[in-house]
Amino acid sequence: MVLNPVISKLAGKLVVLASASPRRLEILRSAGLRFEVVPSWFKETLDKGLFKAPYEYAVETAKQKALEVARRMPFKHLKTPDIVIGADTIVTVDGMILEKPVDKHDAYRMLSSLSGKEHSVFTGVAIVLCHEKENEEVDYQLIDFYEETKVKFADLSEDMLWEYINSGEPMDKAGGYGIQALGGMLVDTSSRSDSLATSVPTQPPSSSQALLSHNSSSIPRPSSPCDSQRLHTQITPTASPAHKVKREDSESESSQTLVNSTSKHTDNRKVKLHDNATLPLVTRRGQVVEPTRGDLERICELMDGFKASKALFTASKLCLFDLLHSRPGLDAAQVAQEIKASAKGTECLLEACVSLGLLKSTEKACQKPVYENADLATDFLRSDASFSLHGYLQHCNETMWPLFSHLESAVQEGTSQREKAFSKHMLQATSTSSREGKLRFMKAMHNIAKITGKTIATAFDLSTYKSACDLGGCTGALAYEFTEAHPGLSVTVFDLPAVVELNEFFRPQHPDNRVSFVAGDFLKDELPKADLYILARILHDLPDEKVHILLSKIADACTAGCGLLLSEIFLDEDRRGPSRGLLQALSMSEGKQRSATEYSLLLKSHGFITAHIRHTDNLLDAMLCIKA
Ligand SMILES: C[S@@+](CC[C@H](N)C(=O)[O-])C[C@H]1O[C@@H](n2cnc3c(N)ncnc32)[C@H](O)[C@@H]1O
């Protein structure tokens with residue numbers, strides 16, 4: 001893939017996407033780019049009348065979004081990013097620019113104006129390269145371009161229009177539709193191949209390629225005449241009131257800056273393959289070609305992925321990140337002594353963690369390197385971090401790792417490999433029927449719920465609901481997020497007796513008395529009354545038969561207008577991603593991963609109509625359904 005060599009050059013750079021759009025995240029992520037997401041606060045309110053052509057408006061909005069984040073980050077996050085990427089998509093028809101609809105009627109106005117017509121989708125992309133100078137001033141260099149895609153809608157009936165609008169999908173999409181999900185059914189033809197279909201109207205894939213290729217002199221320019229016409233690029237300096245601006249002389253110079261900038265800390269992640277290394281030739285579709293270095297890196301990354309995971313689990317189990325948090329600056333021998341491990345093994349583990357970006361090492365003249373946590377470890381790997389993954393990593397190490405080492409039999413037999421993976425004693429310890437196993441599982445669930453909880457709790461307007469019941473709510477982590485986000489809401493956590501019994505271990509420092517716990521079995525017992533039911537990470541674990549039992553019990557407990565909030569990883573409709581969901585399915589015993597549409601249909605069969613779907617970039621997605 002043309003992006004891969006660029007990706008490797010960006011390793012170790014702080015790349016920021018100034019957008020929370022799940023599609024943009026997915027596109028960049030699937031291209032292998034590592035980046036942080038800092039949604040822009042720039043309001044899309046530029047005067048459209050000032051622009052001669054619609055694409056100029058999209059490009060200018062993308063620019064302003066990226067610049068706003070580039071300027072804000074050093075103050076808010078105390079870090080200057082290396083690259084900020086902004087993008088804006090608009091749809092134009094009959095000389096009108098359509099952005100995101102403000103309400104359902106606006107969505108109707110937009111979609112009916114597109115019915116039966118060909119229209120253009122423009123994506124403006126802006127890349128801001130930030131160069132920090134000695135005097136802490138920052139130079140910004142701007143690269144921008146746009147891409148146009150022609151889409152033709154079928155003639156849309158009123159029923160179809162309203163069914164689509166009521167799915168909630170149009171509300172956060174330019175032009176009121178997203179071709180990659182349900183909106184695909186509105187499209188008659190589009191002027192590009194099916195890879196286009198995954199990106200309109202959020203960001204065409206070639207844009208994302210071009211977007212990155214502009215940062216590397218080693219990447220060929222688009223070769224087809226059609227590509228080069230569609231891609232319009234400008235490199236311009238931009239003025240900032242807070243920072244002085246200098247224009248770089250050439251694009252290649254700036255890409256050098258990307259690769260060569262020096263860091264105080266060792267970072268082996270930078271360039272892994274030598275630029276002039278000779279690669280083996282391969283035969284691809286009858287032609288002999290040289291694979292890109294990125295292809296090889298991707299394969300290496302996949303081959304070695306398990307080693308990286310196990311190094312992370314081991315470091316976490318040995319409490320390395322806790323140690324280096326309380327005592328940063330220890331050398332390998334000191335760490336070895338503290339964690340009661342061999343000097344040689346500890347040194348290897350520390351170096352591996354540096355290469356993975358989990359630790360930083362600093363070497364002073366003629367002295368042994370000393371180690372400290374990288375931000376990633378400080379934020380997520382300390383056992384006492386607010387968003388700690390320590391418990392989840394333990395669960396991965398003790399339960400998932402043995403299960404995955406029996407993957408071959410799991411695939412051959414299509415059954416859970418628990419008995420093979422664990423000895424009798426281990427089975428007892430890892431099983432949720434033992435107290436130890438239960439606590440470990442609860443810690444793992446608690447970790448993820450803490451990270452994703454706020455995103456789920458605030459995904460929809462829930463102001464009309466007064467009482468909620470979180471079915472299988474485990475430690476209550478999600479319930480507390482809901483009461484914090486919704487002052488008028490009380491939440492009952494309903495879980496198996498043995499889990500409820502242990503909830504005291506997870507009680508927050510200042511527990512909210514609007515959260516209560518009730519013990520029971522949601523497949524057998526009567527459910528507590530509520531006007532909103534929450535099912536977070538429950539249905540994927542159940543086969544369809546059990547899903548129907550549970551949904552019919554919820555439907556019986558509901559009156560018309562009651563809500564059901566579902567939170568799961570929603571598979572893409574074509575089941576090609578996200579990998580997290582598909583990989584998780586490999587070790588699931590009786591459940592299965594489903595797409596948003598599959599969940600919608602299951603819920604619909606019990607009278608729940610999907611009102612909104614949110615694809616989030618925070619581990620789980622969410623769907624709000626209303627009982628008809
Ligand atoms: C995968 S965890 C999800 C926990 C929580 N909803 C979250 O997202 O963090 C599944 C939860 O469902 C609970 N559970 C499983 N079967 C249950 C049943 N039949 N009745 C009640 N709770 C059940 C488990 O004890 C566990 O807490």
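Counting starts at 1 for both ligands and their atoms, following the listed order.
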Practice task
Could you tell me which residues satisfy side chain to side chain donor-acceptor pair (under 3.5 Å) with Glu68, sequence neighbours excluded, listed by chain and number?
Solution key: Ser40, Arg72
For ligand 1, run through the N/O pairs with the protein that fall under 3.5 Å and put one pair on each line.
unit_1: ligand 1; atom_1: 6 (N); unit_2: Gly472; atom_2: O; d: 2.7
unit_1: ligand 1; atom_1: 6 (N); unit_2: Ala536; atom_2: O; d: 2.8
unit_1: ligand 1; atom_1: 8 (O); unit_2: Ala536; atom_2: O; d: 3.2
unit_1: ligand 1; atom_1: 8 (O); unit_2: Arg537; atom_2: NE; d: 3.0
unit_1: ligand 1; atom_1: 8 (O); unit_2: Arg537; atom_2: NH2; d: 3.4
unit_1: ligand 1; atom_1: 9 (O); unit_2: Arg537; atom_2: NH2; d: 2.7
unit_1: ligand 1; atom_1: 19 (N); unit_2: Asp521; atom_2: OD1; d: 2.8
unit_1: ligand 1; atom_1: 20 (N); unit_2: Phe522; atom_2: N; d: 2.8
unit_1: ligand 1; atom_1: 22 (N); unit_2: Asp495; atom_2: OD1; d: 3.4
unit_1: ligand 1; atom_1: 25 (O); unit_2: Asp495; atom_2: OD1; d: 2.7
unit_1: ligand 1; atom_1: 27 (O); unit_2: Asp495; atom_2: OD2; d: 2.6

Exercise for the section: Measure centre to centre between the rings of Phe570 and Tyr599, then say whether the value is under 6.0 Å. Expected result: yes
Handout entry: Worked verdict on Lys454 versus Glu484 for salt bridge (Lys or Arg N to Asp or Glu O under 4.0 Å)
Key = CA-CA 9 Å; Lys454 192 170 183 173; Glu484 190 169 336; 5.6 Å; no
Exercise for the section: Rounded to the nearest 0.5 Å, what's the gap from CD on Glu573 to OG1 on Thr597? Could you check? Expected result: 3.0 Å
Problem - Distance-only donor-acceptor check, side chains Thr616 and Asn618, under 3.5 Å - result: no
Exercise for the section: Kindly compute the distance separating OG (Ser386) from CZ (Phe380), expressed to the nearest 0.5 Å. Expected result: 10.5 Å
